[in-house]
Amino acid sequence: MSWSFARDLDSLQISVTDAWKSFDVATVNGNAVRFRVMENTTANWHVHEHTDELFYVVSGAVLMDTEHGVREIRLRQLLVMPAGTRHPARVEGRATLLVIDNIRDDG
């Protein structure tokens, strides 16, 4: 195994002015690790049939809509969206989060 370098996530997000911006920051056991910045935006409804998706909120709060209701993920909280669950992420204000998944081309 080779050593990776430390990533300064704060420096990645500081100049982001887009409503949605994702940075690929690492790969762990074939899973993508993304640092995402969201501001006053809602993703489209979608589903990942073959992979779970992990969300960890670094700053702010994220609302996760599902057909079963809304889940709020607050600062330093983690939520795993099970494979096959239709959802969009939604942010009021600004939030940063880590997203870990193994999404390929399954939507």
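For the 3.5 Å distance criterion, the side chains of T66 and T85 fail to qualify, holding no donor opposite an acceptor. S22 and R36 form a side-chain donor-acceptor contact under 3.5 Å, judged by distance and modelled atom types alone.
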Output, in order, the C-alpha distance, side-chain angles, deciding distance and verdict of side-chain contact (heavy atoms from CB on, under 4.5 Å) for R94 and Q13. CA-CA 11 Å; R94 186 175 175 101; Q13 67 89 23; 3.0 Å; yes
side-chain hydrogen bond (donor to acceptor under 3.5 Å, both in side chains), that's the test. Do H48 and H50 meet it? Break it down for me. CA-CA 6 Å; H48 308 291; H50 306 291; over 6 Å; no
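One finds the CD atom of E53 at 11.0 Å from the CG atom of N102 (value rounded to the nearest 0.5 Å). L63 contributes atom CG, which lies 9.5 Å from atom CE of M38 (distance to the nearest 0.5 angstrom). To the nearest 0.5 Å, the span separating CG on D10 from CZ on F35 amounts to 7.5 Å. Atom CZ in F23 sits 9.5 Å away from atom CG in L9 (nearest 0.5 Å).
What you find for V57 and L97 is that their closest heavy atoms are CA-CB, 4.1 Å. Taking both residues in full, the closest heavy atoms of G84 and V47 are given as C-CG2, 3.4 Å, listed atom of the first, atom of the second, then distance. Closest of all the heavy-atom pairs between T41 and W20 is CG2-CE3, 4.2 Å. Here the closest heavy-atom approach between residue A95 and residue A61 is recorded as CB-O, 3.6 Å. Scanning all heavy atoms of the two residues, the minimum distance from P88 to H46 falls at CA-CE1, 4.3 Å.
In this structure, F55 and H87 have perpendicular ring planes: the angle between them is above 60°, well past the 30° mark.
A donor-acceptor contact shorter than 3.5 Å links the side chain of D52 to the backbone of A83. At distances below 3.5 Å, at least one donor-acceptor pair connects side-chain atoms of D8 with backbone N or O atoms of S11.
Placement of L75 and V70 in two distinct hydrophobic clusters is found when ILVMFWY residues are connected by side-chain heavy-atom separations under 4.5 Å, directly or transitively. Grouping the Ile, Leu, Val, Met, Phe, Trp and Tyr side chains by contacts below 4.5 angstrom, directly or via other members, places V80 apart from V99. V37 and L12 end up in the same hydrophobic cluster when Ile, Leu, Val, Met, Phe, Trp and Tyr side chains are linked at under 4.5 Å. L78 is connected to V25 through a chain of hydrophobic side-chain contacts under 4.5 Å among Ile, Leu, Val, Met, Phe, Trp and Tyr, so both are in one cluster.
Within the 4.5 Å cutoff, side-chain heavy atoms of R76 are placed close to those of Y56. Between M81 and L79, some side-chain heavy-atom pair lies under the 4.5 Å cut-off. Looking at heavy atoms from C-beta onward, V58 lies in side-chain contact with L98 at the 4.5 angstrom threshold. No side-chain heavy atom of M64 sits under 4.5 Å from any side-chain heavy atom of R90.
No more than 12 heavy atoms of other residues, nucleotides or ligands sit less than 6.0 Å from atom CZ of R71. Shown here is E72, whose CD atom has more than 12 heavy atoms of other residues, nucleotides or ligands within 6.0 Å.
A salt bridge is defined here as a Lys NZ or Arg NE, NH1 or NH2 lying under 4.0 Å from an Asp or Glu carboxylate O, and D101 with R34 meets this definition.
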